[in-house]
Each structure stands twice: as structure tokens, then as C-alpha cells.
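For reference, the structure discussed in these notes is given below.
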Amino acid sequence: MDVTVVKTDYEGQAKKLLELMENTDVIIVAGGDGTLQEVVTGVLRRADEAAFSRIPIGFIPLGQTSTLSQTLFAESGNKVQHITDATLAIVKGETVPLDVLQIKGEKEQPVFAMTGLRWGSFRDAGVKVSKYWYLGPLKTKAAHFFSTLQEWPQTHQASISYMGPKERPPSGAEETPPRPSLYRRILRRLASYWAQPQDGVSKEVSPEVWRDVQLSTIELSITTRNSQLDLTSTEDFMNICIEPDSVSKGDFITIGSKKVRDPKLRPEGTECLQASQCTLVLPEGTGGSFSIDSEEYEAMPVEVKLLPRKLQFFCDPRKREQLLPSSAP
């Protein structure tokens, strides 16, 4: 194997590197959620992304947060063993297709996420935990407690338009067949022209149905299903979770402390929508920040689109067997 190792020196370098990289057989990311998000964004911003995105990606979890490792590798309480499993997964060559979210502001280049977007009070309190390092094991609860003193109740107003799930095409249906010759294309077009009378009514295509929701929430999240991967599903969708704004201060501290370790945790009364794409509109003057794959971005109106099974990631063969129970003889 001919391996080129590049150690990043500053934020955004991995993104630029992947935008400019010449062709390669495999991309290996050794880092955390932030580094992986930069690499994925760099790959999918390329002019030749349709071809380049077929290159398999290996992920070696070395960062403070490595959310995707729970999907790709077997659980291990030993960090060294976990890293070893991730490395061996690349050598063994088994891959799984993972969804990607394309997140685009009005004037910004799109950002791409493997996990998703969070906006709200639990996120805001969670990013301040390190500020209270001197409180040791109490720092997480302290961050959420002091957050309740600033303003309560904490609500976030927005509106969201979304389109429901899309039917998943059969395996292999996404492969683009080679384009027929010009002669065959002309014959095909003439045949379709003569097949129907000229005044025949063309078949109507059902319009895309969008639904609108006005929301008041303590936290909104838009996430892929990569953390609970289902390769046998017949539909493709992302989850839009609207958490209730009626959470008490006590529950905010308790649930928020647990969400730092497990962001998938939801308070009772959370409404979840399934969507293939959505538009999030924030009131004018809204401040604050989003977390996109654990990286901070300015909160703004965005369009979010699901790119189903867009990238191939190396995974532990044991995990792949769990995801494909029907493949067992």
C-alpha cells in the first residue's frame, strides 16, 4: 500500500485538502466528528463529487467526540481496542452506505453532516460545560443549572417546511447506465413521439407535497439515521425532532446532563417528523448557534436535504452482520 499521511495544522485544512486532492483509492480520517465533517464537506463540494464520493472512507476515532464509531464498530470499553478494531475494519474491506445531510444557508456554500444539526437550549448549555472544569464531576449539572438562571422558560421560535420520506429504490438502481449512442437516442425519441397521438394528454406527475409547521421548542434537531442504521428499510428519511418547551428546570438539568453523553436522548412529549428535505426559517434577528456534527455554526435560515446512502464507510464485519440479519444463511 502506498499511503500519504497529512497532519492538519488548522481548522478547515482538511476541507481544503479534500477539495484539491487528486484521485485516490481510499480516504482514511483519524480524528473526531469535526475532522470527519470537514473531510465529508470537502469531498461533496468537489466538481467531480459524483465520482469522488464513491471512494470508500475509513474512520479511526481519535477525537473528543466520535459519534459515528458507534455505528461502524463493535462496542469496547478499551479505547486502544476500539482504535484497533477501526483500523482492522479498513484492512478487511467491509463497507456500509451511510446517509449525509446537505445543509445550505442563503449565501453560504453547503456544509455536509453525517450526524446532523442541533439548535436549542440543551446544545447551548452543553457547549459551556468545559467552562466549569473546576467543579469536577459537577461541571455538567452546573452548566445546565446556571443556564436556567439566565432566562426561563427558554423557547426557540421557528417555522419549518418539510417533505415526507421517499421510497428507497431497489439495490443497484442508482447505478447510472451508459448513455446510448446518438442514433439510438434519436430512434427512441421518434418511437415515443409516434406511440401517442399528438393531442394526447401527457401523464400528470403528482406534485411534491410540502407540510408547514410553526414550532416553539426548547431544542430542535435534524438528524440522519446513521446512529440506528437500517439497511433493510424501504424508505429514506431524516428525523426532525421538536422537543417540548414545557420542560421544567429540574428536568432540564437532569435530562441535559444525560444528553451531553447521549445526544439522542429526548424528553417526554418530543414530536418527531420524517422528512426527505426541509427548510428551516428563523425569525429575523435570531441569534445563537447551531451544532453541526459537534461543530459550531451561526444560526440562520437553512435548507436541509437528505442524500441517502451517499458515502461508503469501512465497518467492522461483526457490525455489518448485525445490520443485515437476512443475509445469514
Side-chain angles (χ1 to χ4, degrees), residues 1-9 13-46 48-101 112-115 171-172 174-175 224-233 293-294 307-329:
M1 295 183 184
D2 182 12
V3 181
T4 302
V5 179
V6 179
K7 185 175 180 180
T8 56
D9 297 314
Q13 185 179 2
K15 194 184 306 177
K16 291 179 181 177
L17 174 68
L18 267 295
E19 288 178 7
L20 301 173
M21 181 183 288
E22 294 182 6
N23 204 22
T24 182
D25 297 314
V26 172
I27 300 166
I28 300 173
V29 185
D33 287 347
T35 309
L36 182 61
Q37 193 246 343
E38 281 193 25
V39 168
V40 169
T41 296
V43 167
L44 296 180
R45 280 184 181 175
R46 294 173 62 101
D48 61 346
E49 65 85 14
F52 209 84
S53 62
R54 295 181 182 179
I55 296 171
I57 299 175
F59 180 47
I60 301 177
L62 298 179
Q64 187 174 358
T65 55
S66 301
T67 310
L68 207 60
S69 65
Q70 299 166 17
T71 300
L72 300 174
F73 316 117
E75 290 185 23
S76 174
N78 185 322
K79 188 174 181 181
V80 175
Q81 181 63 50
H82 201 54
I83 293 169
T84 304
D85 288 344
T87 309
L88 287 174
I90 299 168
V91 177
K92 291 174 181 177
E94 294 277 356
T95 62
V96 289
L98 296 184
D99 296 343
V100 179
L101 294 186
F112 297 87
M114 300 303 303
T115 303
S171 180
E174 294 141 274
E175 294 294 328
T224 65
R225 293 191 292 162
N226 289 337
S227 62
Q228 296 174 315
L229 201 58
D230 181 5
L231 299 181
T232 62
S233 175
D293 281 8
S294 304
L307 306 178
R309 303 174 314 289
K310 182 66 177 176
L311 296 174
Q312 294 285 335
F313 275 77
F314 291 106
C315 74
D316 189 321
R318 293 170 292 178
K319 288 290 284 187
R320 197 172 192 280
E321 284 177 13
Q322 294 172 13
L323 297 169
L324 289 170
S326 60
S327 65

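Quick caveat: nothing in here was measured; it's all calculated off a predicted structure.
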| message | Side chains of Q312 and T95: any donor to acceptor distance under 3.5 Å? | response |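 Their side chains do contain a donor-acceptor pair, which is all the 3.5 Å distance test asks for.
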| query | Do T71 and N226 have a side chain donor and acceptor closer than 3.5 Å? | reply |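 Short answer, no.
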| query | Do NZ/NE/NH1/NH2 and the carboxylate oxygens of R320 and E94 come within less than 4.0 Å? | reply |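 So R320 pairs with E94 through a salt bridge.
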| query | Does a side-chain N-to-carboxylate-O contact under 4.0 Å join K92 and D316? | reply |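 Salt bridge between K92 and D316, a charged N being under 4.0 Å from a carboxylate O: no.
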If I take atom [atom1] from residue [X] and atom [atom2] from residue [Y], how far apart are they, to the nearest 0.5 angstrom?
| X | Y | atom1 | atom2 | result |
| --- | --- | --- | --- | --- |
| L98 | I57 | CG | CD1 | 9.0 Å |
| T84 | K79 | OG1 | NZ | 12.0 Å |
| T65 | D33 | OG1 | CG | 3.5 Å |

Heavy-atom closest pair, residues [X] and [Y]:
| X | Y | value |
| --- | --- | --- |
| A86 | I60 | CB-CA, 4.1 Å |
| G31 | S66 | O-OG, 3.8 Å |
| K319 | A74 | CG-N, 3.6 Å |
| L44 | K310 | CD2-CE, 3.8 Å |
| F313 | V40 | CZ-CG2, 4.5 Å |
| V43 | E49 | O-CB, 3.5 Å |

| CA sep, side-chain torsions, deciding dist, call: L311, I55, side-chain contact (heavy atoms from CB on, under 4.5 Å) | CA-CA 8 Å; L311 296 174; I55 296 171; over 6 Å; no
Any side-chain heavy atom of [X] sitting closer than 4.5 Å to one from [Y]?
| X | Y | result |
| --- | --- | --- |
| S69 | H82 | yes |
| R225 | L229 | no |
| L307 | F112 | yes |

| field | D48 (side chain) donor-acceptor with A51 (main chain) under 3.5 angstrom | value |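 Not confirmed, D48 side chain does not pair with A51 backbone.
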| Under 3.5 Å, side chain of D293 to main-chain N/O of T115, donor-acceptor pair present? |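 Yes: the side chain of D293 pairs with the backbone of T115.
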| task | Under the side chain to side chain contact (heavy atoms under 4.5 Å, CB included) rule, collect the residues that match up with A89, sequence neighbours excluded. | result |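 Residues passing side chain to side chain contact (heavy atoms under 4.5 Å, CB included) with A89: F73.
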| request: Apply side-chain contact (heavy atoms from CB on, under 4.5 Å) to L72 and F314, showing your working. | output: CA-CA 7 Å; L72 300 174; F314 291 106; over 6 Å; no
| query | Under the side chain to side chain donor-acceptor pair (under 3.5 Å) rule, what pairs show up with a residue in residues 35-44, not counting sequence neighbours? | reply |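 Matches after skipping sequence neighbours: Q37-Y297.
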Name the atoms and distances for all side-chain donor-acceptor pairs under 3.5 Å in residues 20-30, with sequence neighbours left out.
residue	atom	partner	partner atom	Å
T24	OG1	V26	O	3.3

| task | Decide side-chain contact (heavy atoms from CB on, under 4.5 Å) for R46 and L18; before the verdict, give the C-alpha distance in whole Å, the side-chain angles of both, and the deciding distance to 0.1 Å. | result | CA-CA 8 Å; R46 294 173 62 101; L18 267 295; 5.7 Å; no
| query | Do other residues, nucleotides or ligands put more than 12 heavy atoms under 6.0 Å from Q228 CD? | reply |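 For Q228, atom CD is not crowded (no more than 12 foreign heavy atoms under 6.0 Å).
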| message | Would Q64 and S294 count as a side-chain contact (heavy atoms from CB on, under 4.5 Å) here? Give the steps. | response | CA-CA 10 Å; Q64 187 174 358; S294 304; over 6 Å; no
